[in-house]
Amino acid sequence: MANFTLNGKSVSLEVDPQTPLLWVLREHLGLTGTKFGCGIAQCGACTVHLNGTAARTCVLPVLAAEGGDIVTIEGLAENDDHPLQQAWVEEQVPQCGYCQSGQIMQAANFLKHTPNPTDEQITAAMAGNLCRCMAYVRIHRAVKRAAAIASERDTAQVMGQQTEATAATAGVGTFDPRATADAVSHSAAEETSHGKV
Amino acid sequence: MARFEDTLGRHQRAQAATRHPSSQHGITRRGFLIGSVAGSAMLAFGVSGASLAAATSNKASASETLSAGAFEPTMWYAIGTDGTITIHITKAEMGQHVATSLARLVIEELEADLASVEIVYVDSDPKWGYMITGGSWSVNHSYQPLSQAGAAGRIALIEAGARQMGVSVESCKARQGRVISGEQSLGYGEIVAAGLERSFTEDELAAIELKPASERRVLGTKGNALDVPPKTNGQAVYGIDYTLPAEVEARVGKTLHARPVLPPSRFGCKVTAVDDSEASKVIGYRQTIELKDPSGMCQGWLAVIADNFSAAMRATDLLKVEWSKGDSYHIDEAAIQAEGQRLVSTPSRDNGSLMVDQGDPSALIEGAATTVESTFTTSSVLHFTLEPANALAYEEEGQWHVHCGNQQQSLLIPLVAKALEVEDGKITHHQLYLGGGFGRRLHGDYAVPAALAAKALGRPVKMIFTRPDDSRFDCVRSPSVQRVRSGLDTDGRVVASEHAAAAGWPTAALMPSFLAEAVEGGGKLDSFSISGADHWYNVGTQRVWAQQNKVAHEAFVPGYLRSVAPGWTLWAVEQHIDELALAAKQDPAEFRLSLLDAEGRNAGKSPVSTGGAERLRTVLKRVMEKSGWSERDSLPEDTGMGVALSFGQERSMPTWVACVARVKVDRATGEVKIEKLTSVVDAGTLAHPDGAMAQLEGSLLWGVSMALHEGTEYRDGGPVAQNLGAYQPLRMHQVPQMDLEFIDSTEMPVGLGEPGTTVVAPALANAIQHAVGVRLRDLPMRPAKLKAALTEI
């Protein structure tokens, strides 16, 4: 018997305790927003929050989550209006979209601890999440935008006002996605940086 | 020039002729029908003159003809009485927001509201014609028919609306889903509710003029993609997420879950012993079955069956299987490359055909003042779609249903039918979101083992591949070898050029009936193994050979990987042009401009390649301005700039791309830092500009990834790198600064999914050469190779 809290509700189910949490979520509980990518915790598609920390569920036996508090993409925000989800739409981030639940969950955990991130901090926090479509420019921009949305919402709450964020999507033309890549070089030995948060 | 899409077109027409015998008697006219079906107005292309004639002669109304299914569109739409416009998408959504672009084509001419659109990704059916999503073709191929369909709908709605309002047609215009006459207006839903009946003959359709670019209100404008919201909240359902509804399982049985057990190599293996004593200890494990496959896709395969995939996955790891290995197990990357070297040194009709034949350049090259000759190689590349291969299959009352994301339903269906030994008509494919396509899912091979397991067990089976399973079963991008040689006269002009490329031929492996002649009497070839070598430069007397590397075919199934042949042909062409510029002592960008004379075959053809090489000149000039090319001779030490051009995949649908890379080389480590990528693209009209930019961003970064980070070797029956420990696509911290621009154009829209992919590697190689004087001719460019090359000079 496995017991934990999932998106605010307590869950108990009969399951082989060695089953990775990913498959408990997907197969036993029907929450398929969390994805299977590499199976070795290297791509980040399976990221959820466990006790307030981003966790890779493809290698995590459900036993290790016993009694824990789990949040998946489905439970990130009521009405799917988390600042990151709003920013993801504003910046039109997803292409195939398969990695995006994991990207958002990774970013949500990062922003919780780093509400005003620098470009370099965003890159470092997100470098462990593979996007095979390589929508990295927009993922980066959206994380930054989400931080601004969260801050606007906080201000609005304080002021007792509703704010409406202006939609801005990249159109045709010239843009400079960001400057942080200047500090980055290409190396064959980059495995060590994967997964850093 | 006979190309793949032309062949497909012929195939479609042949199919249509078979289905509708009347069209075999010279009646092939195609009209457009609008009628009421199930309460909605349905708009579709009629299949034949016969049905159209019937519709227009009152023997049968357009509604009756449509209800009978007598239409042959690649696309059609319906308007509900509430004004909802349901657009049926026959294409696969794999990240390109294809439905958004196609809907925009319809909505532009229909003068409807984008917000009223609903998208349906349709199940396979012969009525849709040949179902394929690839080649960056979707928007280009759909532009004319969908724009016409939208315009025909608008005309019919205006006519009917005018009648309902009792005003003249001339007084009416259509905007945002309403027909307006002065102060009066009617919504499209209201008009449909009153009944809509109209048909257009082929001549009437042809007479419809599409709106001038100045009147466009949708194409080229900002706007969100329709598929983004469900991709931000976990609601998008990919193949791997699909489960059968309870009511279906109540009829056909509960779904069993499976993981395939792959043999040591793709071909020729036989199972000799199976021991599941350890596997059976996994809770939920049921059994292991051997798959017998009449289609030949699965040779020596097993499937581990369990109550859930997690159990199947873990049980498979504990299964002990012995095989007798097929011969292909012993073919490695080196053997494939050695065969490639042999083929390009003496290209011949025995191993392939001619792609371009403008005379024999040999004597001119050998007699030239200067001769430049190089050999270029590329290694095996994986698709590595993040969603691993999977499929769910079951039978109900003799009909087989296959649920999975797929790019070529029209290939999947006969393949699965062959495996199950049933007629094609007994297979229906149900489309789902694709967690990446990149050409991998142009093949339906991964649906075969799921279907075979379902047949063996008499129950629905959902099979999922693990990441290493997926990599081992990948239809990799074939390794390639190319030899290019050209002659220059004393003035530095190119007088003749010969290019020979050897690789596995995807089309020969997947659909040999689509091999076609490129030049008359040249013999059949796979244009997907050589496109790009038929470039838009004037290089004098030119000959291009495509050689099929059959050793590659013995080891694996060569696949279509994003942009396909230009992934290797441009690696050679664009470096060779730089080598010629160096030999001629000219600036490589200026040298390119001199070769792009836009004369003869390079003048282009209306409407798809209007302007020809002139448009390549335009993007090149613009990228030179933007990138600061004029400062190229005064860059810091070990810093260089290189340029490369691409025209997408095919001359028959060129997307004009120029890219400048600025790099800094670390001599001590051999590492290449990309300081900036500047790219300028002319893709004609942009149906969905933000989606176009997303494709350009992603495809260029794919180019970076394949240039510096991806690539593996085929050895011991599979790719050596099978997961992210060894195979390392680009990550966020490796993304270079990019400056991207589209040329403002109202020309016919062309493709954008792939063209950016192939221009990066040669631009980087040319920049590295400029920075440190070393030319890398083997892809990918690893730091160790560059370091070794630097120590040699």
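Below, read A as the first sequence line, B as the second, and so on, with proteins coming before strands; counting in each chain starts at 1. Values below: all heavy atoms of this structure, side chains included; hydrogens, waters and symmetry mates excluded.
Residues Phe438(B) and Cys133(A) are in side-chain contact: their nearest non-hydrogen atoms beyond the backbone lie under 4.5 Å apart. Leu434(B) is not listed as a side-chain neighbour of Cys96(A), based on a closest heavy-atom distance of 4.5 Å or more. Contact check for Ile240(B) versus Arg26(A): side-chain heavy atoms found under the 4.5 Å cut-off. Using a 4.5 Å heavy-atom threshold, the side chains of Glu387(B) and Lys35(A) count as separate. Here the side chains of Pro20(A) and Arg314(B) are in contact, with some heavy-atom distance below 4.5 Å.
In this structure, Gln722(B) CD and Ile40(A) CD1 are separated by 11.0 Å, a value rounded to the nearest 0.5 Å. One distance of note links OG of Ser705(B) with CE of Met134(A); it measures 3.5 Å at 0.5 Å rounding. Between the CZ atom of Phe36(A) and the CG atom of Asp241(B) there is a distance of 12.5 Å, given to the nearest 0.5 Å. Rounding to the nearest 0.5 angstrom, the gap separating the OG1 atom in Thr19(A) from the CZ atom in Phe309(B) is 12.5 Å. In this structure, CG in Leu130(A) is found 9.0 Å from CG in Leu730(B), a value given to the nearest 0.5 Å. Atom CZ in Phe384(B) sits 7.5 Å away from atom SG in Cys43(A) (nearest 0.5 Å).
Panel note: side chain Gln95(A), backbone Ala694(B); a donor-acceptor pair is recorded below 3.5 Å. Listed for the Glu697(B) side chain is no donor-acceptor partner under 3.5 Å among the backbone atoms of Val137(A). With Glu74(A) contributing its side chain and Asn233(B) its backbone, the two residues share no donor-acceptor pair below 3.5 Å. Looking only at distances, no side-chain donor or acceptor of Gln42(A) sits under 3.5 Å from a matching main-chain atom of Leu724(B). Counting only distance, with no hydrogens or angles, the side chain of Arg731(B) and the backbone of Tyr136(A) share no donor-acceptor pair below 3.5 Å. With hydrogens and angles ignored, the 3.5 Å screen pairs no side-chain donor or acceptor of Tyr98(A) with any backbone N or O of Lys231(B). Judged by distance alone, the side chain of His97(B) and the main-chain N or O of Pro94(A) form a donor-acceptor pair under 3.5 Å.
Heavy-atom distances place the backbone of Ala236(B), and not its side chain, under 4.5 Å from chain A. With a 4.5 angstrom heavy-atom cutoff, Tyr433(B) does not touch chain A via any of its atoms. Proximity to chain A (any heavy atom under 4.5 Å) is restricted, for Glu710(B), to the side chain, taken from C-beta onward. Interface residue Glu93(B): only side-chain heavy atoms are found under 4.5 Å from chain A. Using a 4.5 Å cut-off between heavy atoms, Gln103(A) does not touch chain B at all. Heavy atoms of Asp470(B) lying under 4.5 Å from chain A are absent altogether. Residue contact with chain A, scored on non-hydrogen atoms closer than 4.5 Å, is absent for Tyr242(B). Heavy atoms of Ile464(B) lying under 4.5 Å from chain A belong exclusively to its side chain. No part of Leu76(A) comes within reach of chain B, as not one of its non-hydrogen atoms sits under 4.5 angstrom from that chain. No part of His82(A) comes within reach of chain B, as not one of its non-hydrogen atoms sits under 4.5 angstrom from that chain. Within the 4.5 angstrom heavy-atom criterion, no atom of Gln96(B) approaches chain A.
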*Verdict with supporting geometry, Ile104(A) and Thr232(B), side chain to side chain contact (heavy atoms under 4.5 Å, CB included)*: CA-CA 8 Å; Ile104(A) 290 170; Thr232(B) 62; 4.2 Å; yes
_Intermediate values then yes/no, side chain to side chain contact (heavy atoms under 4.5 Å, CB included), Met693(B) and Gln92(A)_ = CA-CA 11 Å; Met693(B) 185 58 89; Gln92(A) 294 285 288; over 6 Å; no
*Test log, rule side chain to side chain contact (heavy atoms under 4.5 Å, CB included), inputs Met732(B) and Ile139(A)*: CA-CA 9 Å; Met732(B) 185 182 280; Ile139(A) 292 168; 3.6 Å; yes
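Looking only at heavy-atom pairs under 4.5 Å with chain A, the residue among Asn723(B), Thr466(B), Val680(B) that has the most is Asn723(B). Taking Asn308(B), Thr221(B), Leu386(B), Val228(B) one by one and counting their heavy-atom pairs under 4.5 Å with chain A, the maximum is reached by Leu386(B). Heavy-atom pairs under 4.5 Å with chain A were tallied for Leu700(B), Leu701(B), Asp744(B); the largest tally goes to Leu701(B). Residue with the most contacts toward chain B among Gly37(A), Gly33(A), Gly30(A): Gly37(A) (heavy-atom pairs, distance under 4.5 Å).
Shown here is Lys785(B), whose NZ atom has more than 12 heavy atoms of other residues, nucleotides or ligands within 6.0 Å. Counting non-hydrogen atoms of neighbouring residues, nucleotides and ligands closer than 6.0 angstrom, the NZ atom of Lys144(A) reaches no more than 12 such neighbours. Taking a 6.0 Å sphere around NZ of Lys112(A), one finds it holds more than 12 heavy atoms contributed by other residues, nucleotides or ligands.
Both tests pass for Arg132(A) against the ring of Trp702(B): distance under 6.0 Å to the centre and angle within 45° of the axis.
The shortest non-hydrogen separation linking Trp23(A) to Ser310(B) is CB-CB, 3.6 Å. Contact record, Ser101(A) with Gly234(B): OG-CA, 4.1 Å, taken as the closest heavy-atom pair.
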